[in-house]
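Computed from heavy atoms alone, side chains included, the values below leave out hydrogens, waters and symmetry copies. Within every chain, numbering begins at 1; the chains are lettered A, B, ... in the order of the sequence lines, protein sequences first and strands thereafter.
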Amino acid sequence: MRKILLGSLLALCSLSANAQEKYFLPAGAEAARPDGEGFIRRWTVLEPISKPNRSNTVFTDSYLREVFGREYFPKQMSLVPKDGQKVKALFEKVEQPADFRRAPQGPQKVITGTEKLTWHKLDSKTYNLKLMRFGEHHLKRLYGVIYWVVTVIHCDAPMHDVRLSVGSNSASQWWLNGSEVLLLSGDRRMVADDCMSNRLHLNEGDNVIRGAIINGPGMSDFCVRLVDEDGKPITSGYTIR
Amino acid sequence: MKKTLTAWAALVLTTLSANAQTGHPYIHDPSTLAECEGKYYTFGTGGGGLISSDGGWTWDSGAERPGGGAAPDVLKIGDRYLVVYGATGGGLGGSHRGVILTMWNKTLDPKSPDFRYTEPIEVANSEDGDDCDAIDPGLLLDPTTGRLWMTYGTYFGHIRMVELDPKTGRRVEGNEALDVAIDCEASDLIYRDGWYYLLGTHGTCCDGVNSTYNIVCGRSRSVTGPYLDNVGRPMLQGGGKMVIKAHGRQVGAGHFGRTVVEEGLEKISCHFEADFDRSGMSVLAIRPLLWRNGWPEAGQNLRAGIYELESQRHGYSLELAVDFQRLQTSRRGWFRRDANFKIEPIPMQVLDSVQGAWPQGDIAVRNGDFMNRPHQHWQITPVEQAGGFLGQPYFKITIAGTSRALAATADKEVTTVPAFTGAPEQLWQIDQLTDGTYRIMPKSIPGCSEKLCLISIADSTPTLGRFDFQSDNSKWKLLGVEM
């Protein structure tokens, strides 16, 4: 039995390593640019905070505002994290099933506490950042999690009437320079241009985009791009730090 | 239940009044609508005509056309208006000696110092021995060639076509009249996407509430025909596909005119020989003009009612951005059923059960999965005394059972306000487009002079943006809600 468990663990490590290589690169030293379709692929992602949910149908507007409104780690709404930076984050957990891939069954006992989590600065190989694979690689729980993500947009000049366009699995909330600009509620699928913010103003220089994505069971990922007045992707005029 | 019926009765009454032009739209054989300096004009049989100063909803007499006679048409060419009319009109049993005359005017506004008709010029005629009665002319300036064509005639034989000089309004020298249809009246020519369409009126004219007048058409790749209907029957053999006929409390559709407002937005103008809500008077009618498989047909002006507003972009529907409130039902019987399980209806979610959880102030809107829930039920109601647009009054769009109203905002977004106040940003122009979908546009946007409409900038995100007929972002389906 011990041999089987050890084998499973090794296989899992191998799988997660493969997933990491398949979907991510460490962020390069050079500033990145949006891809040809305007998707922003460079993000600094915090290892997932455990927040158990058996179903994604609970993600109403009120629920999301309450859950995303809690402070999980210091300077949650102002921190521009560096690669490898650690934070002490609040978590909720339930008793783990033997197979972490399976959603918990039966009554859940919720445990709260704090744990050290690490920020990872990544370049996604795909237009959508595969959060679940990120979580898998870092051997965290796949389901019942919150991901915090940050990126910095450096604009050559002020940009007006820009919209933040997001698709996320599952629900998410987004802020630009500290102000909420978008909430994706409900049991969401990751769909490009699913939701867009109101028209925004981007400052010349740095602008911080911050997101929180929550997921119960199932795949988790997101894609983000900036679009213009007509909803067309913006592919130039800024870099990603 | 009684309350529901009363509400529906009120809606139906409002609908009926909203379905005909308001003001005093009494006319027979209205010419194609012409726009001049911000007003719409149409001329009718017997001289004179109607003017609309509010964009095409309220019509009153006041247009001036000398010469009397029958069934005029008007066409703007360059910076002048060419008016054409039959100076006679003896009826089926009368004389069939007819004369068609053209004349020019720099403006259609009788109050303008430039308002002066030129001397009428004869461009076609008929004698008693002809199988044609030279009345009821219709004009087409061919957009592909710049040539000016005129059809004319009645049930007394053929509809004929002649060519006019678009600079002078005179008949092109040496031009011979060509028979293009038989047994029609009030013909008109239009062009679209490589096809010429000949429209004419069939049925019984001038019989009030018993008039069976209706408008049909055939089409041809050549302006001179042959014009065939949808089953390949020549209009010279009486063919014609129905475009508009009696509907509701209006009967006797006649004298077609086409108004292209912009790409994807077109209107039919015609008369109904009898409006049952107006003592059977003949009235001007304006309907959406739809194109289906290359054929024109009349759409319906929007009726008051409770609708799902489905975005054509993805298929999500407009809704209040409020918490989705789950219906609590037993999962028993979901798909497996034991023999003793009783099948029975489940009540729909009702407004009273959810409204209390909604915020009190402005509530944002979004597009979401339609679940037939109260926050997705939009009541569309004509607003009295608010003016209108071509063919319809302005509407308010409220959450059914509440006064919460859809409104444009100063930042060119869209929201709902707790109560409808009649402010212009809460009034909506709702036009059916040529493909049957709808454009929804605020009367005005605070602090914004742009003409923007309700669009889906993303699947789930409505906003205000430029109308683009080529984009499904700009289009909505209005689907009646089954409560």
Quick one: pull up CG in A:D193 and CG in B:N473 and give me the separation to the nearest 0.5 Å. 9.5 Å
Do the charged groups of A:D61 and B:R366 touch, with an N to O distance under 4.0 Å? yes
A quick test of your reading: do over 12 heavy atoms of other residues, nucleotides or ligands sit less than 6.0 Å from CZ of A:R33? no
Might you work through the side-chain hydrogen bond (donor to acceptor under 3.5 Å, both in side chains) test for A:R163 and B:T461, ending with a clear yes or no? CA-CA 11 Å; A:R163 293 178 192 269; B:T461 309; over 6 Å; no
Does a salt bridge link B:D411 with A:R199, judged by any charged N lying under 4.0 Å from a carboxylate O? no
Between A:S165 and chain B, which part of the residue has a heavy atom less than 4.5 Å away: side chain, backbone, both or neither? neither
Please report the closest heavy-atom contact between A:C195 and B:S460, naming both atoms and the distance. SG-CB, 3.5 Å
Chain A contact via B:D369 - which portion, at a heavy-atom distance below 4.5 Å: side chain
Side chain, backbone, both or neither: which part of A:V191 has a heavy atom under 4.5 Å from chain B? side chain
Should we count CD of A:E71 as having more than 12 external heavy atoms under 6.0 Å? yes
Do A:D187 and B:F324 have side chains that approach each other closer than 4.5 Å (heavy atoms only, starting at C-beta)? no
At a heavy-atom distance under 4.5 Å, which candidate from B:D323, B:D459, B:I455 has the highest pair count against chain A? B:D323
Of all heavy-atom pairs between A:D230 and B:I457, which one has the smallest distance, and what is that distance? C-CD1, 3.8 Å
Under 4.5 Å heavy-atom distance to chain B, tell me which part of A:R188 shows up: side chain, backbone, both or neither. side chain
Heavy-atom neighbours of B:Q360 CD exceed 12 at 6.0 Å: no
